[in-house]
J.: 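Mind looking over this structure? Questions follow.
Here is the naming used below: chain letters follow the sequence lines, and residue numbers restart at 1 for every chain.
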2 protein chains.
Amino acid sequence: MGKEEAGGYPSLIEDSGLASTPARAQVLEILANSQSPLTAREIHATLARTQAVDRTTVYRSLDVFVEAGLAERITSGDRAFRYGMGRRSLHARHPHFFCRQCGDMECLSAGAVELRMEDFVRTFAGLVERVEVRMDGICKNCLRRGGAGK
Amino acid sequence: MGKEEAGGYPSLIEDSGLASTPARAQVLEILANSQSPLTAREIHATLARTQAVDRTTVYRSLDVFVEAGLAERITSGDRAFRYGMGRRSLHARHPHFFCRQCGDMECLSAGAVELRMEDFVRTFAGLVERVEVRMDGICKNCLRRGGAGK
DNA sequence: TGACCGATGCAACCAAGTTGCATAGATTGC
DNA sequence: GCAATCTATGCAACTTGGTTGCATCGGTCA
């Protein structure tokens with residue numbers, strides 16, 4: 001899923017006007033291969049299994065990706081941002097589910113919720129750049145493991 | 001708006017099964033009198049103008065309020081949580097707008113967006129406890145002051 | 001070849017929030 | 001009325017997630 005031929009990620013990065021480096025290509029590959037949005041910490045941990053890369057580099061790579069539209073920064077119910085593939089990369093916008101028990105986040109299908117806001121956007125005095133829809137609750141794994149206890 | 005007769009906040013707190021203290025009553029009053037969700041820092045700063053209260057106390061008050069449903073914790077585009085009045089307090093759920101330039105958050109009218117998710121919730125294996133709809137962009141003040149520049 | 005430029009690493013820093021512990025003020029049992 | 005208890009508070013230390021300053025390294029271009 002989201003797998004590309006060798007060399008795919010570097011050119012995806014360059015197509016967005018950014019310099020491709022080994023670290024950046026790997027960060028993007030990790031993002032692209034994940035079913036669900038990841039924290040910078042998770043990305044760094046994955047990356048560190050194969051090569052030593054500083055966490056600052058991960059943060060900075062993610063920053064430029066978000067800036068360029070290659071990745072998307074998603075807020076969750078906890079204090080860490082999550083990152084997923086962005087609009088520039090064949091990715092339809094979709095809502096997310098955040099489990100307040102285990103902290104996992106999952107992507108929901110784009111059609112899971114129907115959101116109508118054209119009327120609002122047309123008359124709103126500010127500029128709306130993006131919309132985030134997030135459901136918080138308890139995921140099915142945690143439900144099975146012992147309920148929604150606080 | 002949201003104004004109650006003297007003594008209203010203490011009893012609102014006690015009705016939720018919590019002990020009312022001067023600090024808690026004030027925190028709740030600040031929340032209730034605000035048009036838009038506030039950060040713990042803002043609440044503490046407001047509170048500190050009239051009495052010395054430790055920031056830990058503010059955090060802990062907010063925690064118990066959220067727990068009791070008196071207040072609501074809202075995530076924003078930055079790293080700080082915002083707090084507003086919760087369901088238990090005559091408050092209809094509504095979406096929010098976050099300005100990525102000035103960091104202000106505003107409440108939108110409950111009808112601003114139409115969100116249909118009954119079908120999804122019915123077939124989703126996890127438990128959905130709440131939904132957050134947030135629009136990010138540039139508020140009208142910042143637009144006036146110089147556009148949507150990064 | 002040499003000047004430049006941006007990506008990286010590293011360490012220090014910062015902001016938001018949490019935790020441990022001692023104290024003070026109220027509440028309960030007697 | 002007094003001791004035992006409970007819990008809200010204050011304070012300091014700590015944690016987490018992220019950012020910044022600065023030196024260096026590796027290309028690129030003239």
Side-chain angles (χ1 to χ4, degrees), chain A residues 9-10 13-14 16-29 37-48 50-68 70-83 98 100 102-105 150, chain B residues 9-10 13-14 16-29 37-48 50-68 70-83 98 100 102-105 150:
Chain A
Y9 297 112
I13 292 170
E14 280 160 8
S16 296
L18 300 173
S20 173
T21 66
R24 288 185 177 176
Q26 285 230 44
V27 168
L28 191 59
E29 181 169 4
L38 302 171
T39 62
R41 164 184 291 265
E42 289 165 334
I43 294 166
H44 181 239
T46 305
L47 197 45
T50 51
Q51 66 181 258
V53 174
D54 196 72
R55 65 196 190 101
T56 338
T57 301
V58 174
Y59 281 118
R60 285 198 271 233
S61 300
L62 291 168
D63 284 349
V64 297
F65 287 170
V66 169
E67 180 85 8
L70 262 179
E72 189 186 18
R73 175 182 285 124
I74 303 153
T75 62
S76 60
D78 64 22
R79 312 210 306 104
F81 294 124
R82 316 277 152 147
Y83 296 87
F98 175 74
R100 67 171 169 83
C102 66
D104 260 14
M105 200 164 209
K150 164 71 216 337
Chain B
Y9 298 112
I13 292 170
E14 280 160 8
S16 297
L18 301 174
S20 174
T21 67
R24 287 184 177 176
Q26 285 230 44
V27 168
L28 192 58
E29 182 170 3
L38 302 171
T39 62
R41 164 183 291 265
E42 289 166 332
I43 294 167
H44 181 240
T46 305
L47 196 45
T50 52
Q51 67 181 255
V53 173
D54 196 74
R55 64 197 190 99
T56 337
T57 302
V58 174
Y59 282 118
R60 285 196 272 231
S61 301
L62 291 169
D63 284 349
V64 297
F65 288 169
V66 168
E67 181 87 6
L70 262 179
E72 188 187 18
R73 176 182 285 125
I74 303 153
T75 61
S76 59
D78 64 22
R79 311 213 305 103
F81 293 125
R82 318 276 151 146
Y83 296 86
F98 175 74
R100 67 171 168 84
C102 65
D104 260 14
M105 197 161 210
K150 157 91 218 332

J.: Could you list the residues that satisfy side-chain hydrogen bond (donor to acceptor under 3.5 Å, both in side chains) with A/Glu42, not counting sequence neighbours?
T.: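 Applying side-chain hydrogen bond (donor to acceptor under 3.5 Å, both in side chains) to A/Glu42 gives A/Thr39.
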
J.: Got a sec, which residues hit side-chain hydrogen bond (donor to acceptor under 3.5 Å, both in side chains) with B/Asp104, two or more places apart in sequence or on another chain?
T.: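 Once residues adjacent in sequence are excluded, B/Asp104 has no partner under the side-chain hydrogen bond (donor to acceptor under 3.5 Å, both in side chains) criterion.
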
J.: Base contacts versus sugar-phosphate-only contacts with protein, heavy atoms under 4.0 Å: please encode nucleotides 9-20 of chain D as B, S and - from 5' to 3'.
T.: BBBBB--BBBBB

J.: A/Ser20: which residues meet the side chain to side chain contact (heavy atoms under 4.5 Å, CB included) condition with it, sequence neighbours left out?
T.: A/Pro10, A/Ile13, A/Glu14, A/Ala25

J.: My understanding is that only residues two or more places apart in sequence, or in another chain, count here; which of them pass side-chain hydrogen bond (donor to acceptor under 3.5 Å, both in side chains) with B/Ser61?
T.: none

J.: Atom CD of A/Glu67 and atom P of C/dG6: how far apart are they, to the nearest Å?
T.: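 Rounded to whole Å, this separation is 15 Å.
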
J.: Holding to salt bridge (Lys or Arg N to Asp or Glu O under 4.0 Å), I want the full list of residues that pass it with B/Asp54, two or more places apart in sequence or in another chain.
T.: none

J.: Going 5' to 3' through nucleotides 25-30 of chain D, assign each nucleotide B (protein heavy atom under 4.0 Å from a base atom), S (under 4.0 Å only from sugar-phosphate atoms) or - (no protein heavy atom that close).
T.: ------

J.: If you restrict it to nitrogen or oxygen atoms, what contacts under 3.5 Å exist between nucleotides 4-6 of chain D and the protein, and what is each distance?
T.:
none

J.: So which heavy atom on A/Phe98 is nearest to which on A/Gly103, and how close?
T.: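 Looks like CE1-O, 3.5 Å.
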
J.: Does B/Tyr59 have any side chain to side chain contact (heavy atoms under 4.5 Å, CB included) partners at least two apart in sequence or in another chain, and if so, which?
T.: B/Ala40, B/Arg55

J.: Check whether A/His44 reaches the backbone of A/Val53 with its side chain - one donor and one acceptor, N or O, closer than 3.5 Å.
T.: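 Looks like yes, one N/O pair under 3.5 Å.
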
J.: Under the rule for side-chain hydrogen bond (donor to acceptor under 3.5 Å, both in side chains), what residues qualify as partners of B/Arg60, not counting sequence neighbours?
T.: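 Applying side-chain hydrogen bond (donor to acceptor under 3.5 Å, both in side chains) to B/Arg60 gives none.
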
J.: Flag this pair as yes if the NZ/CZ of B/Arg73 is under 6.0 angstrom from the six-membered ring centre of B/Phe81 and inside a 45 degree cone about the axis; otherwise no.
T.: yes

